[in-house]
Structures are given as structure tokens and as C-alpha cells.
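Single-structure report; data block below.
First the proteins, then the strands, lettered A, B, ... as listed; each starts at 1.
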Number of protein chains: 2
Amino acid sequence: MPPAAPTGRSMPTARLRIGGFHTGDPTSDESSPAVDVRVVFFALIGGRLVVALRNGDDQLCLPRGWPVSDESLDAAARRIAHDEIGLSDRYLEQLYTFSVEDEIDWTVVITYVGLVGSDASAGSRPGIEWVPAEPGVLCSEIDGRVIDYARTRLRAKLGYTTIALYLLPPAFTFRDLQSTYETVLDQPLDKRNFRRRLLATGMLERTEEVSRQGSHRPAALYRFRPTDDQERYLTPAWDEESS
Amino acid sequence: MPPAAPTGRSMPTARLRIGGFHTGDPTSDESSPAVDVRVVFFALIGGRLVVALRNGDDQLCLPRGWPVSDESLDAAARRIAHDEIGLSDRYLEQLYTFSVEDEIDWTVVITYVGLVGSDASAGSRPGIEWVPAEPGVLCSEIDGRVIDYARTRLRAKLGYTTIALYLLPPAFTFRDLQSTYETVLDQPLDKRNFRRRLLATGMLERTEEVSRQGSHRPAALYRFRPTDDQERYLTPAWDEESS
DNA sequence: CCAAAAGTGTTGCTCGTACACCCATGA
DNA sequence: TCATGGGTGTACGAGCAACACTTTTGG
């Protein structure tokens with residue numbers, strides 16, 4: 001089980017809450033934590049994996065917000081995606097939940113990972129900064145660890161799912177695809193084996209178009225087959241939309 | 001993204017909340033959800049995979065509790081393990097977090113999976129019932145889905161980790177081990193291949209003792225090597241112990 | 001015609017799977 | 001000696017990793 005780790009100096013917000021109550025249990029007036037949702041948005045910019053950070057109290061921090069009533073946690077995460085990144089319809093997955101406490105606040109933090117097409121950085125709201133997703137990102141320690149963990153999971157998941165899709169534009173060359181994998185996995189891959197393996201999955205579809213750039217042979221453009229229902233492995237098929 | 005899924009016929013909603021607000025926003029006195037932690041405890045009893053349920057309002061439900069201040073979520077889950085199952089030092093892993101809402105309550109539920117040695121059912125508190133972990137368990141619909149999902153994850157994880165360890169007594173025969181896998185995976189396995197594969201992992205250590213029972217050749221007893229630090233795959237290496 | 005990236009096959013090895021018989025014991 | 005489960009080896013196929021040259025284009 002996850003061994004103890006530092007408690008994290010997170011945000012002094014002033015927020016009190018009274019009454020965590022419970023079905024059947026009448027002890028209804030103890031303090032109970034605030035809840036907030038944070039999202040690690042990844043994108044590929046200039047061949048680097050980057051995350052979206054915004055200004056926090058005294059340093060950069062992950063985009064965040066609170067769920068409102070009548071809103072599932074997933075919906076809250078989607079809303080944050082929309083409000084902060086201007087992001088429409090992308091990949092979003094729950095990561096982990098933990099609690100943070102300091103002298104003032106007690107907060108339960110539900111974290112998500114979101115993937116954004118490389119273009120979307122353009123559409124992101126002002127106040128959002130895209131910084132390289134390497135260990136030691138300038139942000140709170142807690143958020144830094146969340147980012148590291150998110151990256152680890154992204155890497156692991158790239159192996160057995162099609163989520164790379166969400167980091168790429170609708171049409172892409174094999175080189176684009178391979179670079180994406182190489183960037184996220186942080187290791188070089190063999191061109192022929194990569195091509196063979198990806199083609200073997202049947203996820204790819206070659207389009208008529210080609211990408212001409214530079215004085216060399218043009219590259220065929222591919223897209224993902226609309227068979228995109230396998231990236232949900234290890235995520236519950238239920239999540240109640242309250243509303 | 002987990003597309004909207006069965007909305008769960010739970011909860012018609014009343015409960016209003018205004019304004020999801022953000023860092024820097026001082027609107028601090030709106031309602032915020034209660035938080036509770038539920039644990040799906042699995043054990044093997046009589047060759048069946050069973051879960052621990054306790055009496056809820058009108059039906060069985062998962063063992064649960066709320067985190068108190070100065071207590072991490074993991075610690076809360078451990079406390080529940082101790083209070084409800086009388087469980088000391090076993091495997092516990094976070095599963096998923098979601099929110100539930102009805103006319104009265106708005107709750108964020110953090111779920112865990114716990115694994116219990118087959119013996120431990122004896123030590124469980126009165127009021128706990130161990131029921132077969134099959135789809136359609138008699139409990140609330142929400143809890144039922146949590147159990148199903150927990151089982152799915154357990155099954156998946158058995159493939160690439162050593163968690164089977166926690167469902168077995170300290171010493172066990174190869175048959176015990178194989179039955180455990182077969183029960184959880186719900187499929188028969190080849191004896192020789194199973195043995196070879198498990199030995200190849202190097203996790204097992206043959207003890208001097210044997211298990212004599214029945215009129216046939218006694219079986220060698222094995223135990224897991226104290227190399228038990230790999231079952232944390234896909235779980236963050238950090239989790240703040242507040243306290 | 002040159003530079004630069006696109007595209008293409010084969011081979012060896014590893015790992016998983018299928019499969020059947022002898023062994024040790026208690027009754 | 002018999003019934004019962006414990007314990008063992010081999011052969012095939014699938015899939016992955018390593019590896020180098022030809023093709024097409026723009027300049």
C-alpha cells in the first residue's frame with residue numbers, strides 16, 4: 001500500500017464546511033472536507049509532452065474547480081476542461097483521489113487526466129500556460145506528484161490502448177504517430193516493427209491524402225478507425241450522471 | 001471518456017447548489033458534498049470469491065465510514081478494515097471515486113478494494129456477512145456495481161501482479177494457488193503451465209513442509225518470497241498520510 | 001543528381017499453450 | 001493393491017525484436 005509521503009503545502013483557501021452526515025447515522029455535525037477536482041491536461045507541443053498550468057495563489061497549479069450539486073465528478077472535470085482549456089470533446093479519465101490538509105483546510109482532491117490535441121493549446125484560455133511535463137515542474141509539490149503519476153499512467157496505458165489518438169490531429173503520418181509514442185514513452189522505437197504492430201491492431205485507416213513537406217518522398221496520411229471503444233479498459237463502465 | 005452510462009436509477013435529485021467557484025473566489029458558504037469511503041473486501045471461502053457486506057438501512061451494503069480530520073483516505077479505509085473486519089495488515093487499494101445524490105444527501109464516495117486471507121472471515125465482526133461476489137449481489141444497486149467493478153479489476157490485476165498472495169494463507173500448496181486463480185478468473189488453468197509460469201516469476205519459495213491430507217501423495221507447501229514490492233503497479237507511490 | 005525521409009521482409013528467439021504419464025501416499 | 005491427487009517434459013505456433021536497403025520527392 002502506498003507508503004506515507006509528504007503532506008504537501010497546498011493552497012490556503014478559507015473554506016469551512018459543517019456537517020458530513022450519513023445515511024442512517026445521526027451524528028451529522030462534524031466537519032467534513034471540501035471537495036475539489038483537478039485535471040492534468042496533456043498535449044504535445046513541438047515534440048514535447050506538456051501540461052496545462054494556471055496561476056494559483058503564489059505559484060502555478062493544476063486547473064481545478066469544485067463539483068456543484070447535480071453534477072457528477074466526471075461532469076465537473078469536463079466543465080473544468082471547457083472553462084480552462086476551451087476544450088470540447090476529448091479524452092478524460094479519473095486518476096486518483098487523496099486528501100490534503102493544512103492548518104486551515106481539509107480537502108479531498110479528485111484528480112483526472114485529460115488529453116488534448118496538439119492544436120488545442122491555441123484555444124486555451126489566457127492564464128493557462130503549457131509547460132513541459134518533466135519531473136520537477138514548477139508548481140506545488142502535490143500537483144507535481146499528481147503530474148508525475150499521470151504521466152506514468154499515460155505511459156503505461158499507451159501500451160495497450162488507443163489513447164494516442166487523442167494527442168494527434170485527425171490525420172497524421174506514421175512518423176507523427178511514432179513520435180507521439182516515442183515522446184510519451186521516452187524511448188526510441190523501431191520504424192518497421194512499429195508500423196507492423198500498429199497496422200496489425202486494425203485501428204488505422206489509410207486516407208487518400210499525403211503530407212508533402214520537405215524535399216523528400218511524401219508520407220501517407222492515416223486516421224484512426226471509428227472503432228474507438230477499447231480505451232475504456234480499467235475504467236468503470238458506469239458513472240452516474242446525476243442531473 | 002466514460003460515456004454517459006446507465007444513469008443509475010438511484011437518486012432523483014432535489015438539492016441545489018449554486019455556483020462552482022474557483023481559487024480566489026471567496027464565496028465560501030455553499031453546500032458541499034459529504035465524503036464517504038467504502039471498501040469491497042474479498043475473501044475466498046469454500047472455493048468461492050466472497051465479499052463482506054453489512055446491514056444498511058434496508059438492505060445489505062458495503063462496509064463504510066467517513067474520513068476524519070487528520071486522517072488520509074487510505075488511513076480511513078484501513079480503519080474501516082479494522083473496525084468492520086477485524087483485519088490487521090492486508091492489501092488495500094483505491095478503486096474509484098464518484099458522487100451520489102438523492103433528495104437528501106450529496107455524497108462523494110471513494111471506494112477501495114481489500115483482500116483478506118481466507119481465514120480472516122472467522123475474525124470478522126458480527127453484523128458482517130460474506131456473500132458470493134457474483135453479479136446481482138443483494139445490496140444497493142450502486143454498491144453492486146462497485147463490487148462488479150472491483151471484481152473486474154481484481155481479475156485483471158491477478159494477471160500481472162502477486163496480489164493472489166493476500167487471498168491465501170502464509171503457506172499453501174500449488175493446488176491452493178491454482179484454485180485461487182481459477183476462482184478469481186473463473187476459468188480452468190493447465191496444471192503444468194501454471195506451475196511453470198508461477199515458478200518462473202521467482203515469487204515462490206518451497207518450504208520444507210508438506211500438506212498431508214487424504215490418501216494420496218502429500219503436497220509441498222510454498223510461500224511467497226518477501227519480494228513483495230511489485231503489487232503496486234498503477235498505484236501512486238505517494239499518498240499523503242496526514243496526521 | 002543529391003539530400004532526406006518514406007516505405008518494405010526475413011530471421012531468431014521467447015513465451016504461451018496443448019497434451020499424458022509416473023509417483024507417493026493412506027486406506 | 002487401489003484410488004487419489006501430486007508432480008513432471010516436450011513440441012508446436014504466435015508474436016516480438018533486431019536489422020539494411022530501395023523508393024520517391026524537392027531543390
- Query: Contact class for A200(B) (heavy atom, under 4.0 Å): base, sugar-phosphate, or nothing?
  - Reply: nothing

Excluding sequence neighbours, so at least two apart, what forms salt bridge (Lys or Arg N to Asp or Glu O under 4.0 Å) with [X]?
| X | value |
| --- | --- |
| E134(A) | R48(A) |
| R195(A) | none |
| R151(B) | none |
| R217(A) | none |

Suppose we screen for side-chain contact (heavy atoms from CB on, under 4.5 Å). Which residues come up paired with [X], at least two apart in sequence or across chains?
| X | result |
| --- | --- |
| A220(B) | R206(B), Y222(B) |
| P218(B) | V210(B), R212(B) |
| N55(B) | L60(B) |
| A76(B) | V37(B), P67(B), E71(B), R79(B) |

What is the distance, rounded to the nearest whole Å, between atom [atom1] of [X] and atom [atom2] of [N]?
| X | N | atom1 | atom2 | result |
| --- | --- | --- | --- | --- |
| R195(A) | dA5(C) | CZ | C1' | 11 Å |
| D176(B) | dG7(D) | CG | P | 11 Å |
| L199(A) | dA6(C) | CG | C1' | 14 Å |
| L198(A) | dT8(C) | CG | P | 14 Å |

Pairwise N/O distances under 3.5 Å, protein to nucleotides 13-15 of chain C:
none

- Query: So, E182(B) side chain and L189(B) main chain: donor-acceptor pair closer than 3.5 Å or not?
  - Reply: yes

- With ring centroids as reference points, do F224(A) and F172(A) lie under 6.0 angstrom apart? yes

- Message: I need a per-nucleotide contact map over nucleotides 15-27 of chain D, read 5' to 3'. Cutoff is protein heavy atoms under 4.0 Å; write B for the base, S for backbone only, - otherwise.
- Response: --BBBB--BBBB-

- Any pair with a residue in residues 198-219 of chain B that passes ring-ring contact (aromatic ring centres under 6.0 Å, His included), sequence neighbours left out, goes on the list, sorted by first then second residue, please. none

- Message: So if I take residues 177-187 of chain B and measure heavy-atom distances to DNA chain C, which residues fall below 4.0 Å?
- Response: none

